[in-house]
Novice: 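My questions all concern the structure below.
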Amino acid sequence: MEAALRRELGTSVLRRAGHSGGGCISHGESFHTDHGCVYVKSNSKAEARRMFDGEMASLTAILQTHTVRVPKPIKVVDLPEGGALFVMEHLDMRGLNRHAEKLGTQLADLHLHNQKFGEKWKKDANTIGKSGGQTDIQFVEKFGFHTVTCCGYLPQVNDWQEDWVTFFAKQRIQPQMDMIEKNSGDREARELWANLQLKIPSLFNDIEIIPALLHGDLWGGNVAEDDSGPIIFDPASFYGHSEYELAIAGMFGGFSGSFYSAYHSKIPKAPGFEKRLKLYQLFHYMNHWNHFGGGYRGSSINIMRNLVK
């Protein structure tokens, strides 16, 4: 691993910095290099390259919005023995506390970025003598992402769709249901999902959804802060409904009332918000079911039962 790092980073210095971390999927460690301190995630699975490429694309997309801080991605490196490394900026982070309100504001700014860019682009296009100019950012009119991203280690289908309900049902819940079907053949889950599919469109009556760039896996373990403000990391990004972001945030704690107040002062709750939040939490409970086993079955089944009533 260290030889590959030296070669790919073009550094003579590669010294462990004594910071390590990571979760249940990848290991993380910091190193001093010729170019400063970097944080390196490592994973030996065959799918590691796909997972890290998606994370790098996600961090890059969020970085380009200049709304909320993320570690700057540097490089994905293949390991000769299999697996991959993901090198990024090292940040001295601590748990989110003082800057929770600021994160709520900045997350709303991230979610509004595409919409505001689109409004400006249309205004400029209608103004004689003014054009949008050259920029790396373009207005995104569809739901999806330009590459595969992984929520956990499972890949997400990010094919572009014009309709959000179609995207969410076919490319978020259906693949999870297919895995549950394959692994456990759960008949009740299959029957409830068949009924819920018919009900989903009614949860979106009279609301307009403009594609928003999402972090995609914003639970308490993927947020932090330093003295300058909040930081988010480990994204699984795509363009989707802004409400989707708040689903996993509410499942495992870690976010204060000030975070939500600041967020909703910029993006108020639309009618039917609570039911849609449950629908979005269904994806994460099913994803956990497929990652960690049947302990998450009950939560998944209960949400479907309540939503089909």
Side-chain angles (χ1 to χ4, degrees), residues 1-63 70-91 93 144-159 171-172 175-176 178-184 215-217 219 221-222 232-238 248 283-284 286-296:
M1 177 181 111
E2 294 190 14
L5 267 180
R6 280 181 198 275
R7 184 178 65 251
E8 294 291 333
L9 297 179
T11 180
S12 57
V13 172
L14 190 72
R15 191 173 73 255
R16 294 175 194 273
H19 303 281
S20 63
C24 56
I25 293 166
S26 298
H27 175 73
E29 192 165 4
S30 294
F31 293 86
H32 295 292
T33 74
D34 293 353
H35 320 291
C37 198
V38 298
Y39 183 71
V40 181
K41 290 173 77 169
S42 59
N43 190 291
S44 58
K45 284 188 175 7
E47 310 85 30
R49 175 86 203 201
R50 177 180 64 189
M51 186 170 64
F52 288 154
D53 280 343
E55 186 177 344
M56 182 158 180
S58 300
L59 289 172
T60 301
I62 296 170
L63 200 61
V70 293
K72 289 176 187 153
I74 297 171
K75 198 166 197 179
V76 177
V77 177
D78 289 314
L79 287 171
E81 63 271 24
L85 307 172
F86 180 25
V87 186
M88 68 190 85
E89 173 188 23
H90 167 85
L91 296 174
M93 302 187 295
F145 204 52
H146 62 278
T147 191
V148 171
T149 53
C150 295
C151 193
Y153 60 77
L154 295 174
Q156 301 186 122
V157 184
N158 288 329
D159 298 341
Q171 297 183 195
R172 285 297 174 267
Q176 294 290 334
D178 290 345
M179 279 184 271
I180 288 167
E181 183 88 43
K182 182 181 172 185
N183 295 329
S184 67
H215 174 283
D217 190 17
W219 68 288
N222 287 345
I232 61 176
F233 51 94
D234 286 358
S237 292
F238 63 98
I248 195 168
F283 165 79
H284 291 290
M286 293 173 85
N287 190 42
H288 277 67
W289 184 354
N290 282 313
H291 271 88
F292 307 116
Y296 290 93

Novice: Are the side chains of L14 and L5 in touch, meaning some heavy atoms are under 4.5 Å apart?
Specialist: yes
Novice: Looking only at side chains, do S42 and H27 share a donor and an acceptor under 3.5 Å apart?
Specialist: no
Novice: Can you confirm whether P71 sits close enough to L59 that some side-chain heavy atom of one is under 4.5 Å from a side-chain heavy atom of the other?
Specialist: yes
Novice: Side chains of F145 and S58: does their closest heavy-atom pair fall under 4.5 Å?
Specialist: yes
Novice: So, do E8 and K75 sit near enough that their side-chain heavy atoms are less than 4.5 Å apart?
Specialist: yes
Novice: Would you confirm whether N222, through its side chain, and I232, through its main-chain N or O, come within 3.5 Å as a donor-acceptor pair?
Specialist: no
Novice: Please confirm whether the backbone N or O of S12 pairs with a side-chain atom of D34, one donor and one acceptor, at under 3.5 Å?
Specialist: yes
Novice: Do E55 and K41 pass the salt bridge (Lys or Arg N to Asp or Glu O under 4.0 Å) test, and can you show the C-alpha distance, the side-chain angles, and the key distance before you say yes or no?
Specialist: CA-CA 11 Å; E55 186 177 344; K41 290 173 77 169; 2.9 Å; yes
Novice: Applying ring-ring contact (aromatic ring centres under 6.0 Å, His included), can you list everything that pairs with H288, at least two apart in sequence or on another chain?
Specialist: F252, F292, Y296
Novice: Between R49, M56, R50, which is the residue that forms a side-chain contact (heavy atoms from CB on, under 4.5 Å) with D53?
Specialist: R49
Novice: Looking at side-chain heavy atoms only, is the closest gap between I74 and H35 below 4.5 Å?
Specialist: no
Novice: Who pairs with H284 by ring-ring contact (aromatic ring centres under 6.0 Å, His included), at least two apart in sequence or on another chain?
Specialist: Y244
Novice: If every non-hydrogen atom of A57 is compared with every non-hydrogen atom of H146, which pair is closest and at what distance?
Specialist: CB-NE2, 3.8 Å
Novice: So, does N290 use its side chain to make a donor-acceptor pair with the main chain of M286 at under 3.5 Å?
Specialist: yes
Novice: Go through the steps to decide whether D159 and Q171 satisfy the test side-chain hydrogen bond (donor to acceptor under 3.5 Å, both in side chains), and finish with yes or no.
Specialist: CA-CA 8 Å; D159 298 341; Q171 297 183 195; 5.1 Å; no
Novice: Which heavy atom of S184 sits nearest to which heavy atom of W289, and what is that distance?
Specialist: OG-CZ2, 4.3 Å
Novice: Looking only at heavy atoms, what is the nearest atom pair of A84 and F52, with distance?
Specialist: O-CE1, 3.3 Å
Novice: Might you point out which heavy atoms bring I62 and P235 nearest each other, and give the distance in Å?
Specialist: CD1-CB, 4.0 Å
Novice: Would you say the side chain of V77 lies within less than 4.5 Å of the side chain of M1, judging by non-hydrogen atoms?
Specialist: no
Novice: Looking only at the side chains, is there a donor atom on one of N158 and T149 sitting less than 3.5 Å from an acceptor on the other?
Specialist: yes
Novice: Under the criterion side-chain contact (heavy atoms from CB on, under 4.5 Å), I'd like the reasoning laid out for V38 against V40: C-alpha separation, chi angles, the key distance, then a yes or no.
Specialist: CA-CA 6 Å; V38 298; V40 181; 4.1 Å; yes
Novice: Do you know which two heavy atoms are closest between A17 and C37, and how far apart they sit?
Specialist: CB-SG, 4.1 Å
Novice: Do the side chains of F233 and V70 get nearer than 4.5 Å, heavy atoms only?
Specialist: no
Novice: To the nearest 0.5 Å, what is the distance between CD1 (I25) and NE2 (H291)?
Specialist: 4.5 Å
Novice: To the closest 0.5 Å, what do you measure between CD (E81) and CG (L79)?
Specialist: 4.5 Å
Novice: Which pair of heavy atoms, one from Q156 and one from C151, lies closest together, and at what distance?
Specialist: OE1-CB, 3.5 Å
Novice: Taking C-beta and beyond as the side chain, do E47 and Y153 meet within less than 4.5 Å on heavy atoms?
Specialist: no
Novice: Measure from NZ or CZ of R6 to the centre of the six-membered ring of F31, then state whether that distance is under 6.0 Å and the direction lies within 45° of the axis.
Specialist: no
Novice: Only one of R16, R15, R7 forms a salt bridge (charged side-chain N to carboxylate O under 4.0 Å, His left out) with E2, so which one is it?
Specialist: R16
